[in-house]
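All remarks here apply to the structure that follows.
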Amino acid sequence: MINVEDIRKDFPILSRKVNGKPLVYFDNAATSQTPKQVIDVIVDYYSNYNANIHRGVHTLSQEATDLYEQARYKIQAHFNAKFSHEIIFTSGTTHGINLVANGFSSLLKKGDDIIVSALEHHSNIVPWQMLCERTGAELKVIPMNDDGELVMSAFDKLLSTNTKLVFTNHVSNALGTVNPIEYIIEKAHEVGAAVLIDGAQSAPHIKPDVQKLDVDFYVVSAHKMCGPTGIGALYGKEDWLKKLPPYQGGGEMIAEVTFEKTTYAELPHKFEAGTPNIAGGIVFGAAIDYMNNIGFESIATYENELLEYATKKLLEIEGLKIYGTSKHKTSVISFNLEGIHPYDVGTILDKLGIAVRTGHHCAQPIMDYYKIPGTVRASLAFYNTKTEIDLLVEGVKKAKMMLA
Ligand SMILES: *Cc1c(COP(=O)(O)O)cnc(C)c1O
């Protein structure tokens, strides 16, 4: 069970004021807040053992290297990867997707298909469009329905032996829908296609088991799961990572360099050119520890309770419509007030100290589907409370009164 009052004490930012009101932070799907236990690790790194890794003989470098590699083991354990070299440090989800898309440039040709879902973040659309332009492969889209769910019968029809890659997010950041990735992975593998899952939005709520899922690639960002910005991880099956060419050239990623020929380093270093985000990697490990100490099952149970409560309360407001009404959802609520622009609602809420996101949430195709310019999105985390939800509901009522 979650003791939310205790947990809130871990997050210094939650006691600040915004516009004279206590902060109510409901923009967790954009970035999560950072607990003291994690902030302390950043301070410890720069205070005590800041050094470049892997190349140094001196003590600081060895300490930093050990801790950086330990973080890789933590991420491996968290995702249940078979090998630690299947975990590649990236700057985040976007980097991970681009790394894979770039790698597939040399493996695709005209006549091949790539399938993405209608629920994607722009970072899981644009790199594949670029890949299609480079290779002549064709991009196909799994459609969505009014509840914001993917239509699996349409997916079945899109699949063929031409399908080489399938990409979808595990959880939609705009609507909160949890996609049936088990089914998608199984069906894609039946035609020999590889599957990349964008886990940016699932990682704060669901602990995935990449071996059980049998997924080929799974990408996450640390900043959505209590970690810092600018660091993330790509899980890739060993076979695939061996097959893909390196993404960037530079130091760290080579075995031997002459002007005639360069041989690449073994995994994972083949994909980690240059000095990495050393502090970020170590701190990502600390964030995973923090969340595992609370426990993903407790987090999911509590967030679900918050989601149900908030959904019920918000729907009591006349003229409020929620987008994304799947039974399988994480704690994201996208909504609009009839006849009122989401931006105006967001601005009034901010005056009340309530942080929500407004706009298309980097998912314009979803907004086009619903024929709306955007939504107000309240995304809840395990450190939020029902009292905060009451404040949101009061704020939305106030906005409605002022703007109607
Ligand atoms: C946040 C997010 C991304 C992008 O993550 P970055 O950290 O900005 O690279 C991609 N996909 C989904 C579903 C997201 O929520």
Side-chain angles (χ1 to χ4, degrees), residues 25-34 75 88-102 116-131 141-142 144 148-150 166-181 184 195-206 208 215 217-235 247-248 271 276-277 280-281 283-284 287-288 303 323-324 326 328-334 355-367 374-375 377-381:
Y25 188 76
F26 282 149
D27 195 18
N28 295 288
T31 202
S32 54
Q33 293 305 343
T34 318
I75 297 166
I88 311 293
F89 279 114
T90 62
S91 67
T93 302
T94 304
H95 177 196
I97 293 169
N98 277 280
L99 189 158
V100 176
N102 185 76
V116 298
S117 95
L119 292 177
E120 293 316 299
H121 189 280
H122 295 161
S123 73
N124 211 11
I125 300 175
V126 183
W128 309 118
Q129 287 173 329
M130 291 163 68
L131 176 61
V141 184
I142 312 170
M144 60 182 274
E149 295 168 327
L150 296 177
V166 178
F167 307 103
T168 171
N169 51 41
H170 194 167
V171 169
S172 156
N173 62 301
L175 305 177
T177 314
V178 180
N179 291 314
I181 62 165
I184 291 170
V195 181
L196 179 142
I197 300 294
D198 168 352
Q201 209 55 241
S202 46
H205 312 284
I206 302 166
V215 65
F217 303 97
Y218 197 96
V219 288
V220 296
S221 297
H223 71 95
K224 300 218 172 145
M225 45 192 308
C226 297
T229 53
I231 186 83
L234 156 69
Y235 159 79
Y247 179 40
Q248 292 178 319
F271 292 108
N277 183 349
V283 178
F284 187 7
I288 284 186
E303 287 176 343
Y323 298 90
S326 172
H328 306 287
K329 265 184 82 169
T330 58
S331 44
V332 170
I333 308 172
S334 249
V356 294
R357 184 142 296 236
T358 63
H360 54 60
H361 318 298
C362 296
Q364 273 178 2
I366 299 179
M367 304 302 134
T375 67
R377 181 186 70 185
S379 49
L380 322 180

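For ligands, and for the atoms within them, numbers begin at 1 and follow the listed sequence.
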Worked check of side chain to side chain contact (heavy atoms under 4.5 Å, CB included) between Leu119 and Ile366:
CA-CA 6 Å; Leu119 292 177; Ile366 299 179; 3.8 Å; yes
Between His328 and Ser326: side-chain donor-acceptor atoms closer than 3.5 Å
no
heavy-atom search around atom 9 (O) of ligand 1 in the protein gives Thr94 OG1, 2.6 Å
Can you pull out the closest protein heavy atom to atom 7 (O) of ligand 1? Residue, atom name and distance to 0.1 Å, please.
Ser221 OG, 2.6 Å
Side chain to side chain contact (heavy atoms under 4.5 Å, CB included), that's the test. Do Thr168 and Leu150 meet it? Break it down for me.
CA-CA 10 Å; Thr168 171; Leu150 296 177; 4.0 Å; yes
Atom 10 (C) of ligand 1: closest protein heavy atom, distance to 0.1 Å, is Ser123 OG, 3.1 Å
What protein heavy atom is closest to atom 11 (N) of ligand 1, reported as residue, atom name and distance in Å?
Asp198 OD2, 2.5 Å
Honestly, for Glu120 the part within reach of ligand 1 (heavy atoms, under 4.0 Å) is neither
Which word best sums up how the rings of Phe167 and Trp128 line up, parallel for under 30°, tilted for 30 to 60°, or perpendicular for over 60°?
parallel
Which atoms from ligand 1 have a heavy atom of Asn173 less than 4.0 Å away?
13 (C), 15 (O)
I need the nearest protein heavy-atom contact for atom 15 (O) of ligand 1: residue, atom name and distance, please.
Gln201 NE2, 2.5 Å
Looking at every non-hydrogen atom in both residues, tell me the closest pair between Gly281 and Phe89 and how far apart they are.
CA-CE2, 3.8 Å
Best match, His95, Lys224, His121: closest heavy atom to atom 1 (C) of ligand 1:
Lys224
Going by atom types only, do Thr90 and Tyr247 share a side-chain donor-acceptor pair under 3.5 Å?
no
